[in-house]
Structure formats: C-alpha cells, structure tokens
There are 2 protein chains.
Amino acid sequence: MKKDKHGCDLNTCLMCRLCLKDWLPAIEAHRTNYVLNKGQLLFSEHDAVTGIYFIYSGKMKVHKHWSKDKELIVRFAKSGDIVGHRGIGTELVYPVSATALEPTTVCYVELSFFKSTLKVNNELLYELMMFYARELQESEKKMRNLAHMSVKGRIATALSMLQEKFGTNKEGHINLQLSRQDLASYTGTTYETAFRMMNELINDNAVEVSGKNIRIINQEKLHKLSQEHMEE
Amino acid sequence: MKKDKHGCDLNTCLMCRLCLKDWLPAIEAHRTNYVLNKGQLLFSEHDAVTGIYFIYSGKMKVHKHWSKDKELIVRFAKSGDIVGHRGIGTELVYPVSATALEPTTVCYVELSFFKSTLKVNNELLYELMMFYARELQESEKKMRNLAHMSVKGRIATALSMLQEKFGTNKEGHINLQLSRQDLASYTGTTYETAFRMMNELINDNAVEVSGKNIRIINQEKLHKLSQEHMEE
DNA sequence: CGCATCCTTGATGACACTCAATAATGGTGG
DNA sequence: CCACCATTATTGAGTGTCATCAAGGATGCG
C-alpha cells in the first residue's frame, strides 16, 4: 500500500488528494490545526456544522448519543480519515459526536471553502462521493448484523474489523486501546454483556487480553463466530 | 413541493436533474426501460453491477439477505428515487437486492455512461454526493434505533416514516401495501412479534388496520412511543 | 488513607425469538 | 362453483438471550 509523505494511505486519504499541506498559500486562511487530548470532544451532536476535519494523527470515535449514559459508536477513525462529513446534508447540524481516543491532531477546513473546492475539483468530489458510498455500504452491513447477529458474534466481527483497520503493534495487540465501555457501545450492547462475551472468547482461545490490549489468537474462530446463523 | 412533468419531486429527483427524458438522443443508446411485476426482483446481492436505476413509477424495497428466510429491509424507494447506487463502490457487486412491491417501471442507465456523465456534470455529482450523505445519516439513525429501541418503538417510528415518505391516499391509509413480513423485516424483528406489536398499537388507538392498509390515527402517540427510553 | 471510579460477578426478570397448532385466505383446476 | 392446496394470518406456550440491578473487589488519585 502506497503511503504519502504524511504517512497516509494514498488510496483512501482525501486530505492528500486535497493536498492541504502543499497547496497554494491561499488555503492557509481557510484551515486550522487543532490538537486534542484523549477523551476530548471535537464536536457534539446538534452543534452547527461549520467545517470538516481531516485527521493528521491519532484516533477518534464517532458516536451517536442515546439517553445520558448510552451511546452507539458508529465508526472509528484514524489518521487520514475524514471526520465531520456526516454533518454535510440538508441541515447543517451534526447527527453524531466525535471524541479523541488518544492525543489527536486534526486539520479543520471551513465548510464554505471546502464546498467551493468541491464545486471546482471534480475529481475530489468524485472521490468524496465514492467515500460516502463505501461508508453507506459499511453502515448497512453493520445494521444487518445488529439486527440479526448475537452479541458474541457482533463482538467477534468487531474485533476482526478493528484489527483490519488499525493493524497490530509489535506485541501483536490490536493497535487501539479500547475500553470495554467503548467495545459495548460499538457492538450495541451493555458493559456487562460485552465483558462476559469477551470472557467467553478468551475461554474459546480466540483472543487474549492484558489490560486494555487485545490480541487475536485464532482468527479462524472469530470468523466462524461471525458466520454463525448466516447461511447464504 | 414543486413537481416536474414526470411527477417527480424536483428537489430530490436526480433523474430529473440528469433529465433523461429530454436529453440528447445520444443518451438513448445508454438507457433502457424495464417494467417489473409485483414481487419481481430487479437485482440481487452478489450480482455484478452494470448500471444504475431510476424509478419512474411504482415502489420497491431494498433489502439485505440473511439466512434463507430472514432479511433486513434497508430502504423503501418510490418514483423519483435511485436504486442500485449502493453497488457503486470499490467492488462492483451489489450488497443488497431490490424487489418491486407493486408494478414498477424503472429506467436503467449503463454504469460507464453514468460515471462519465458524473465526470462531466459537476452539479449532478454534487447532488449525488449529497444524496449519499443523507442516506448515510438515515442509515445511522436507523442503526441506533435498532440497537437501543424496543420493537414497539421501532414499529412506531417505521410507521411514521412510511407515512411521511409515501403519504396517505383518500381513505387516509398509508400509501403503501405493506405485508407484515415486510414490516418485520424493516424493523429487524420476526413476523410474529411484528404482528403482536401491531395489535398493541391498535389497542392503544394509535393505528387502524384493514387488510394490508394501515391508517395512523394518533400521530402523537406514535411519536411518544418513538421517544420512549430516549432522553436528550 | 479515604473516596471515587472502574472492574467483576451473580441473580433476576423482561423482552422477544422459536416452535407449534389452528384458522383464514387466496389461487387453481376440475 | 366447489374442492383442494398453498400461502398467510393468528394465537399460545416455552425458552433463551441479554439488560438491569446490586454488591463486592480492584485500582487510582488526591
């Protein structure tokens, strides 16, 4: 996979296509960098949308709020990903929130500037459209899983997906510190159930856990759990 | 709401923006009309994507398959809507199926032609991007509901949404003949549960049912059920 | 050292899925 | 027009999964 000088994946990183770093000085007036601490909120549901964000480094979660202490994590984002694009639509109000999972640097681009760029840069617009299309496919796959899969199966798929997205570090752990609470929110279940299911996966010798680090031992087994109840 | 001569809503109907009916004769070579009977499949999951469809008249369901007799209805579509756009992405394989719910006429446009149109017609591309953005927002709202809402609440929201989308006919019925099976698939539950919940809604004096026709009596009550367990 | 937060585990109950049996409906052919 | 079969509707009973509640243990922090 080709990487550019920012360390982003050239195939998916729209930021690089927009080429914010190297563009005309004119763009400087329309972008700002923000540094976020772990746990810091970038934007919140019902906030007005004023721009769009590109993640330079770090990791974030995008989540949808639900009754004080419940949420659904809709997506994780890492360096090279866009955040805040869900705000683009008929109403300029975020339907989701975004929170940093670790120290994160984002590049903010004014919406009006971004939009006028899209009007001019057909290729970028095309890429953005394709990006939405893929997101939509993902979203609907997840929706079906939520509707028809057991919690254990959902956790299994979630772990596989996370490993695929974030890769593993030198210890073989999934390259993302994920609290049980976040795992629960991502799979649409409660803290306790997520905990119990993780224990089952450990007993099944499918994964190994030390603290917040998760290592997938038996990819096969996880995959089998994902396929359960699923006959083509 | 402004309607064009095809009877489509000018704000949402991409077909009209593309102006298939009135365009250069050249386009004729790249489009075909198909007429579908009730229950007829337009395309199926895992089929290769060769084009995109615009609905002239009729209604369809877009659904995602799951183990022989289970499915999740992802979306309903009516005249003026696009179908098959979910196939656009990295892989040219449909992630969903589309089935006519009543006699339906669709207009098929070759993918290569559609894509090259997008490359040229920036405005159309922009609209398409916005359309995806809205679809994504919808999808994620539905996802959260699926995760955190009771079946009764989901059915209540589903009925409200269907009335909003399809409107009512002169008898005040929702303008869509929906089988219980489809209602169940749309709300991610089983036939029997959907049936029971509908009965509860009838006892609550929220809706009235005669055959496959549904009339919403108490919009307030449905809305309240949708909001249950939901505190901002 | 005391408080607060997070983790861990058990018990309980509700919601919703499954299975099953019967009733209604609709379509088909004689 | 009716008998027949196939499909769809309706209802009940049983069961399992998972959310909720509660309480004790661990961990961190001032």
Side-chain angles (χ1 to χ4, degrees), chain A residues 37-39 66-72 101 144-158 177-204 207-214 225-226 228-231, chain B residues 37-39 61 66-73 99 101-102 144-158 177-204 207-214 225-226 228-231:
Chain A
N37 298 321
K38 180 176 175 174
W66 181 262
S67 83
K68 195 91 187 171
D69 49 354
K70 272 186 200 164
E71 61 176 18
L72 182 73
L101 293 172
R144 185 200 53 185
N145 291 348
L146 225 35
H148 291 304
M149 209 180 244
S150 73
V151 172
K152 192 170 178 182
R154 290 191 325 249
I155 295 214
T157 24
Q177 296 272 331
L178 191 64
S179 74
R180 297 289 155 91
Q181 182 57 62
D182 281 344
L183 184 61
S185 299
Y186 187 52
T187 49
T189 183
T190 57
Y191 185 95
E192 294 95 323
T193 311
F195 176 80
R196 284 180 240 263
M197 292 306 156
M198 278 302 283
N199 278 347
E200 286 195 27
L201 289 181
I202 293 169
N203 285 335
D204 293 349
V207 300
E208 223 174 61
V209 173
S210 51
K212 281 187 179 173
N213 292 310
I214 302 171
L225 284 168
S226 308
E228 225 152 77
H229 310 295
M230 172 97 181
E231 323 121 27
Chain B
N37 298 321
K38 180 175 176 175
K61 63 175 176 181
W66 181 263
S67 83
K68 195 91 188 170
D69 49 356
K70 273 186 201 165
E71 61 175 16
L72 183 73
I73 294 181
T99 305
L101 293 171
E102 53 183 63
R144 185 199 53 186
N145 292 348
L146 224 35
H148 290 305
M149 208 179 244
S150 73
V151 172
K152 193 172 177 180
R154 296 200 311 258
I155 296 213
T157 25
Q177 296 270 332
L178 192 64
S179 74
R180 296 289 154 91
Q181 182 56 257
D182 281 344
L183 184 61
S185 299
Y186 187 52
T187 50
T189 185
T190 56
Y191 185 93
E192 293 95 322
T193 311
F195 176 79
R196 284 180 240 263
M197 292 305 154
M198 277 301 282
N199 278 347
E200 286 195 26
L201 290 180
I202 292 169
N203 286 335
D204 293 349
V207 299
E208 224 175 63
V209 174
S210 51
K212 282 186 178 174
N213 292 309
I214 302 171
L225 283 168
S226 307
E228 226 151 77
H229 312 295
M230 170 98 181
E231 325 120 30

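The basis for the numbers below is simple: all heavy atoms, side chains too, and nothing from hydrogens, waters or symmetry mates. Throughout, protein chains are lettered first and strands after them, A, B, ... in sequence-line order, and every chain is numbered starting at 1.
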I'd like to know if A/E192 reaches the base of C/dC7 with its side chain, counting only an N/O donor and acceptor under 3.5 Å.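 For A/E192, whose side chain was compared with the base of C/dC7, there is no donor-acceptor pair (under 3.5 Å).
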With a 4.0 Å cutoff (strictly under), does any side-chain N or O of [X] reach OP1 or OP2 of [N]?
X	N	value
B/T193	C/dC15	no
B/T190	C/dC17	yes
B/S179	D/dT8	no
B/K70	C/dT18	yes
B/N199	D/dT11	yes
A/Y191	C/dC7	yes
A/R196	D/dT17	no

Between [N] atom [atom2] and [X] atom [atom1], what is the distance in whole Å?
X	N	atom1	atom2	value
A/I202	C/dC7	CD1	C1'	13 Å
A/R154	D/dT17	CZ	P	13 Å
B/E200	C/dA16	CD	P	9 Å
B/L178	D/dT8	CG	C1'	14 Å
A/K212	C/dT5	NZ	C1'	12 Å
B/L225	C/dC15	CG	C1'	16 Å
B/D182	D/dT7	CG	C1'	15 Å
A/L146	C/dA16	CG	C1'	15 Å

B/A184 and B/A194: which non-hydrogen atoms are nearest, and at how many Å?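 The pair with the smallest heavy-atom distance is CB-CB, 3.8 Å.
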Main-chain N/O of A/T187 paired with A/R154 side-chain donor or acceptor, under 3.5 Å: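 Pair found, side chain donor or acceptor close to backbone of A/T187.
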To the nearest 0.5 Å, tell me how far B/F195 CZ sits from B/I155 CD1.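 If we round to the nearest 0.5 Å, B/F195:CZ and B/I155:CD1 are 11.5 Å apart.
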Measuring from atom CZ of A/R144 to atom CE of A/M149, what distance do you get when rounded to the nearest 0.5 angstrom?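 Here the interatomic distance stands at 7.0 Å.
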Sole candidate of A/L183, A/V151, A/L146 that passes side chain to side chain contact (heavy atoms under 4.5 Å, CB included) when paired with A/T189: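 With A/T189 as partner, side chain to side chain contact (heavy atoms under 4.5 Å, CB included) holds for just one option, A/V151.
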From D/dC18, D/dT10, C/dT8, pick the nucleotide closest to the side chain of A/F195?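 My answer, after comparing the listed nucleotides, is C/dT8.
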